[in-house]
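One structure is given below, encoded as C-alpha cells.
One-based numbering along the sequence shown.
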Amino acid sequence: MKKKRWRLTEDEKEYIEVVAAPALSVGSSRANSRHRDTEDYRGSAAMDEEEFMRRRSDMYRRGSNMSEASFLGDVEMAQDEMFSGPMSESVPTAASTFAYRRSRRDSTADFEFYDEDLDFDSEEFADREEAVFDELDEQDELERQQSFDAADTLIEPELNGDLEDRRESQDSYVRRPSKNRKSSGLSKSSRGSRASAESPLLRRHHSGGSDVSGGYRAGGRVNQKIYILTEDMTIVVAGFKTSMFGFALYICICVLTAGVGYLLFRWLPKWYVKIVGRSTVLSKCDWVVIENQWGEMAVQDLSIQPFGHSLSAVFGHNDKSKFLEYDEYDDPIMDDLRILDYRYIRFCFNPLKDKFVLGNTWKDPTWTNADAITAVRAGIDSDEQEHRERIFGKNAIEIEMKSTMQLLMDEAFHPFYVFQIASIVLWSLDSYFYYAACIFVISVVSIVTTLVETKSTMKRLREISRFECDIRVLRSGFWRYVESSELVPGDVYEVTDPNLGQFPCDSLLLSGDCIVNESMLTGESVPVSKIPASDETLDLLNLSASALHPDVGKHMLFSGTKIIRARRPQDGDKDSDTEAAALALVVRTGFNTTKGALVRSMLFPKPSGFKFYRDSFRYISVMACIAGIGFIASFINFIRLGLQWHLIIVRALDLITIVVPPALPATLTIGTNFALGRLRKKNIFCISPQRVNVGGKLDIMCFDKTGTLTEDGLDVLGVRVVSRPANRFTDILSDASELLPGANYERDPTYDYNANKAILYTMATCHSLRIVDDEFIGDPLDLKMFEFTRWQYEEGSGLGAGNAAEEEDDHSLSPSVARPPAGLEYDLDEERDTPNSKRPIELGVLKSFEFVSQLRRASVVVRQFGDKSGDVYVKGAPEAMKGICRPESFPPDYDDLLSYYTHRGFRVIACATKHIFKLNWLKVQKMKRDEAESNLDFVGFIVFENKLKPTTEGIIHELRDADIRTVMCTGDNILTAISVARECGLVDKTAHCFVPHFVDGDARTPLAKLSWESVDNPVYQLDEHTLKPLPPPAEHDSSLPYDVSNLRNYSIAVTGDVFRWLVDFANPKLLQQMLVLGQVFARMSPDEKHELVEKLQSLDYCAGFCGDGANDCGALKAADVGISLSEAEASVAAPFTSRVFDITCVPEVIREGRAALVTSFSCFKYMSLYSAIQFTSVSFLYASASNLGDFQFLYIDLLLILPIAIFMGWTGPYRELSRKRPTASLVSRKVLTPLLGQIVICILVQLVGWVFVRQQRWYEPPVLDRGHSNSQNSENSTLFLLSCYQYILSAIVLSVGPPFRQSMRHNLPFVITMGVALAISSYMLFDPAPWLYDLMELTWISPIFKIFILVLGLGGFCCMYLAEKLFFPRLAKVIGKLIIKVRGRVKKRKEYKIVMEDMRI
C-alpha cells in the first residue's frame, strides 16, 4: 500500500526542529530492540514466528551468553583448556565479569520518578514512523549488518540503540535540512515527528510554573531510564530545579518539628524531592534524582561548565556515520558541558539525543584513520590535554572520603541510633539516670568504633585503589615528566621508564613488548605477554562495548597490573631506529579503567536479597505493632489509675523500647562475625559478610578441574608418534632421547624419524614461555612440555622489518631461538660432508599464532638458521586437528587411542606440521592464521598425567554424603573430565555416564538432533526428549560392563557446544532435565561457565562455584557463593578467597555458613524472647502502676543479656555436614511456632508467680504514686528474680547444637557466663548482701517462696526445653498441614526438585 505524504506548514516544521525531533531520536527505537532476551522476542505481538527464528539464528542471542560474542571465550587462557596459554592471550576475565549477567530477580519494577506505561512502546507509533525509513535502502541494509556496541554498555531498556542510531542519523535531516536531503524524505519524517508529539514519551511531573502539555515539556524529556550492562544495574535519572516555595516549606517543617522533619526527609528522600524539587527537563535541570532497581535513591548535583567545543569532542563520531555524507551541522558546538557522576560512573548530556550518555565511550577519530599508529604516536598538545581532562576527569581512582563529622552524622542519624537517643531521653525523663547513662556510653563507644572502622576501611581501600607516579609523556612534541593523574585518553607515555612498576591507566602498547602480572584482575599469577598494537587493533578497539575484541586484548595494558618486564624495540624492529623506549597510548583513565570497575564493585556491592535479612526487619515491624498494642493498653490503664500525664506518656512509650530492644539489629551479625574470624584463621578470606549465611544454604557446588580438583602441574607421561609409512602409532616414548636418538647407531634404519623430529620441534618452539631474570615464566603445561625436551631457549628481542625482496639479511632478524642440548647439536638426517651437516640446529620462531580458546590451538612458523624453507608447527586439542589436517595423515586408530587415554584421565595434546619450501620475511608477515593452520600432517600425541589433589576425593564424598550436589565444569576434553570425575567420586564409577553428540546439524543449527550414548557402551542410550534410558536391544548381553540396574543411577556429561545448543534452541524442559542430571560439563568457555551457574540458579539451586580465579571470574561472581583458590587480593576474584590451594575450603565455608545462619537465628530468637519476657514483667507491673527499678534494668540488659547474646554466637560449627539444611526464613512456621510457644510458656510462668505472690501473707503491694512509679514491692521482686532465671535458662534452650553447631559444652565462654549469671541470680534470690538488697530495690520474701521461685524457674526451663525438642516441631508440621488444607495449595517447591521427581525411573 502506498504511503501518503504530508505537507507541513512552516510552524509545524519549526515545532519538529525544536520539540519533536529530540523526542523522535529518543523514543523511536523501541520497536526493534536487540537487547531483549529471546523469550521477550517470543512474547512480542509485533513479531511473527519467522522473524523470531531469523533473529534467533542469525543474531547474538541475548537469552544466553554466546561464547563467540564474548572475549572471555575468545581470549581467556584457562588452566582447564586442552592446551592452556595464559601467556599468549591477555584480556583478564575480570574485565568483563563485572557485566554481571545474572537475571535481576531483586529488581524493583516500579520507579518513583518514571512511568514505563507512558513510554513509546505502541505498535501504532512504530507504524507511523515507518515512513522515516523509506529512503534508507542501501544505507539501512548496511547498518542492519552492524552489531550493536554502545547498547552493550549503556542501554535504555525501553529503547533500541541500533534502531535509534538510524533514526538519529536521519534526525539530522529533520532538524537541519541539508542540500543532500530529499524534500520528500523531510515530509515523511516530519509526519512521524508530528505523530510523536501526540503521544506521551515519559511521565512528566506537574508542578507550579511548569509548561506541561500532554506529558511533554517544551524543552525535552524530564527523565530517562538507563540500563548499564557492565554494572548490571538499571537506573532512572529525573531532572529537577529547586522550588523556592518548596524549599521554604521544607525549612519550616524542619524547624517547627524540632528536627524530626529533617530526619524523616533524610530517611525518605522521595518526600524531600517532592517538596523541594520542581520537575525540569534534563537539558535545563540543576540537580537530578537517581533511583536504581533496588530502590536506592540518590540526589545528585550536576557539574555544568562552559565548553565551547564540538559534540564529537565528547561523544565521538557514530560508527554508522561512515555510511552517510558528512554534514558539519550534525556536529554542533556545545556551549555547556553537563556532567553527572553517579557511583563514579560519568555521564555526559547529549543535547541531540536529549539524554545522558556514558562518558567512557569516546574514541579519538584519528585512531581509525589509515596509518593510525603513526598518527597517535605524536601524542597531543597541552591545550587538548586540558580540554580532555575536563571531559574525562583526572586519571585517579580517587575515592571520596567523607569527613569525620559527615560520618558521625550518618551514623548518629541512622534510625537505630535515633531510636537509642529517643530511648535514652525517655529513660532520663523517668529518672532512670544510671541505665540511660550506661546505654549512652555503650552507644557512643559503638558509634566511635564504627566510625574508626569505616575510616580505616576507606583508608585501606584508597591505598589499594590510589596510584600516583611521575610518567614520561609526549606533549606538544616534547617529552616531559607529569603526574600520572594528568594523563588523558590520547596521551603517549613511556612504558620502559624504570620508575614505573605498574600501569597507571588502560592503554595500548604501541612499540616494544611487555610481560605483566594481571593477578589483581584475574586472580591468576601466570605472567601475560603483550605485543605492539597495529592499525587494525585501533580500528577494532570499541570502548563502548562491554567486551574487548579478542585481537585487542593481547595489546591492552590494564590499569593496576604489575610490570614484570618492559623492553624497548630491539635491533631489527621497525621502530628500533627511531624509538629508544616502549610506548603506550592511553585509552581509558580513572574509574573508566578495568581497575576502576573492580574498585567500584567493592564500594557498591549488590544487595544480596537473602531472605533472612528481609524477614528479620519484617519481624521487627511485627514486634513494633505488638508494642503499639501494649502502648494503647497501658495508656488506658494509666488513665484509669489516674496517673499524671507526663508519667502516662513516658511509661507507655517505655513499653515500645522494651518490645523492640535497641540491640536487636546488632545481634543479626554476631554469628557472621565469629564465622568470619574462624575462616580467617583457616586462610579463607571474605569481602561480602552476607554471603557467609548464604553458604549455609548451598544445594549444588560446581568445581573447575585443573588446579582445583587436580594438581596444577602436569607431568609428561610420554609421546605417541605416527610412524611412517606404516601410518600407525608407536609405543609410548617416555623420554626425549627415545623420541629422537642422538646417534646413528641408536636409530632404526627402516624407520622415518621426520614425525619424531616434528613433534620434538613442536614441543621446543610452540609454547608461550618467556625468560625473566634467567628463569622461565609462563603456563605450567608449557613449562613441563619444554623441560621434557631438555632443549635450550633464547628469547628473541623482536622481529626485524627486513625488506620486500625475496632474499633478506638473516642478521636483520632477532627471533626467539630453540637449540638442542649438548651432544645433539647437529641434524643426523643431513647428508654427510655437506655444509648443512656441519651446521648446528637453531630453530628461529619467525611468527607465532597464539592460543585462542575458541580455536583450542596455537601454532608457530619456524625456520632453521640458514635455510630458505620453513615449517609450521601446531599443537592443540585433538578435536581441533580434524578440521586442519589432511585426512590421510591420521592413523586408523586415532580415535581409539585418544579414547584410551582420555578414558583413563590423561590429558592429550595433538601435534601437526607442514613444510613450506620457500619462506621469506615478507611471506611470513603476510601469512594469515588460516593459511598457516591448514593442510597439515598429523604427527602424534603428547600425553600428560593429571593427578588428583590428595584431598579431592574425600571432600567430594563428604559433600555428596551431605546431599550437596557436585558438578565439574571444565574446559578440558570430555572423556578426560569423566575419568577424573569417576576417580574422585563425583560420578558413580559403576553407573552409566551418557554423552550427547550431534547426529544432524551442529550448535548453530536450530533443528539439530542429538544422540545420547553411554560413554562405556554406545548400545545404551537415552531418549532424546525425556533423557530417560531406553531399553537395550534384546540381542545385547547387558551383563557387562554395567548391568541395567545401574541405569537408575546414571548421569550426564555435556560439552560446551551441546550446552550452547540446548540453551539456545532446545525445549526448555529438556534444558532443565539436562541441568538436573548433568554432572560433568566439558569444553566450557569462561562465558559458558558463567551461564551454567545462572541456569542452575534459575532452577532455584543455591549454587556455589570453586575455581582458580583466572578464567572462572564470571562464574565466581555469578554464584551465590564463589570461592577462588588464589593468592590474589580477596576483593577481586570472588566473595571468598582461599589461600589453601585445594577444595577443603568448600566444606569449611558451608559449615561456617550453616553455623552462622543458625547462630543468627538463635540470637535473634533469644533477643525476641528476652523482649517478650521483659514486656510481660513490665505489663504485669503496669497493672498496678509499678515498674522495674533502674539497677534491675541495668542488671538484666548489661550483665545478663549482653554477654549471653555475644557468647551464644561463639559456638563453632559441627564437624560433620548434615543432609539436613537450616531454614533461612524467619517467618516460617518452623521458626515462629517454637518462638511463639516459648513466649506463651514464659508468660504462663510469670503469671503463676504474679498470682501466687499476691496470695502470700507477707505480700507488700505497690504504693500508688500518681507522679512516680514505685518499684519496691513484692510483685516487682518476684517477677524480677523469676525473670532472671528465664533470661538465663532460655539461652540454653535456644542454643542450638548438632547437626549445625557444636554442643554447648564446647563453648567455654558461654558455659562460664551461664554459670556466673545463675550464681549471681541465685545469690540475689537467697542471701543478698544488704547493699545489693537495697541497690536492686528488693523486698522480703519467705524462704519457702524463694524455693518456689527457683522451682518455678527450673520447671519453666524444663517445659521450654522439652517443648522445643519434642512438641513444637510436631506442632509446626500440624500447622503446616492445616495451612495447606485451608489455603488449598501446597507451598511452592524448588523447581529442580520438581524436575527431579519427573525424572525418576
Any carboxylate oxygen within less than 4.0 angstrom of a Lys/Arg side-chain nitrogen, looking at [X] and [Y]?
X	Y	value
D704	K1089	yes
E958	R1151	yes
D715	K784	yes
E1148	K682	yes
R1004	D1057	no
E983	K989	no
R1219	D963	yes
K1028	D1398	no

Please confirm whether the ring centroid of Y1101 lies under 6.0 Å from the ring centroid of Y1392.
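Yes, ring centres under 6.0 Å apart.
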Under 6.0 Å between ring centres: does that hold for F994 and Y1050?
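Distance test on ring centres: under 6.0 Å, yes.
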In chain order, what residues pass the ring-ring contact (aromatic ring centres under 6.0 Å, His included) check against F1141, with sequence neighbours excluded?
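Counting only residues at least two positions away or on another chain, F1141 forms no ring-ring contact (aromatic ring centres under 6.0 Å, His included).
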If the condition is ring-ring contact (aromatic ring centres under 6.0 Å, His included), which residues does F941 pass it with, not counting sequence neighbours?
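Listed in chain order: F729, Y894, F938.
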Do [X] side-chain atoms and [Y] backbone N/O form a donor-acceptor pair below 3.5 Å?
X	Y	value
R965	V1076	yes
R1221	L698	yes
T952	L709	yes

Can the positive tip of R691 be found less than 6.0 Å from the middle of the six-membered ring of F1136, inside 45° of the ring normal?
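Ring-cation test returns no.
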Taking the side chain as everything from C-beta on, heavy atoms only, tell me whether K1390 gets closer than 4.5 Å to D699.
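The answer is yes, as the side chains (C-beta and beyond) meet within the 4.5 Å cut-off.
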Side-chain contact, heavy-atom cut-off 4.5 Å: K875 with D782?
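In short, these two side chains touch, coming nearer than 4.5 Å.
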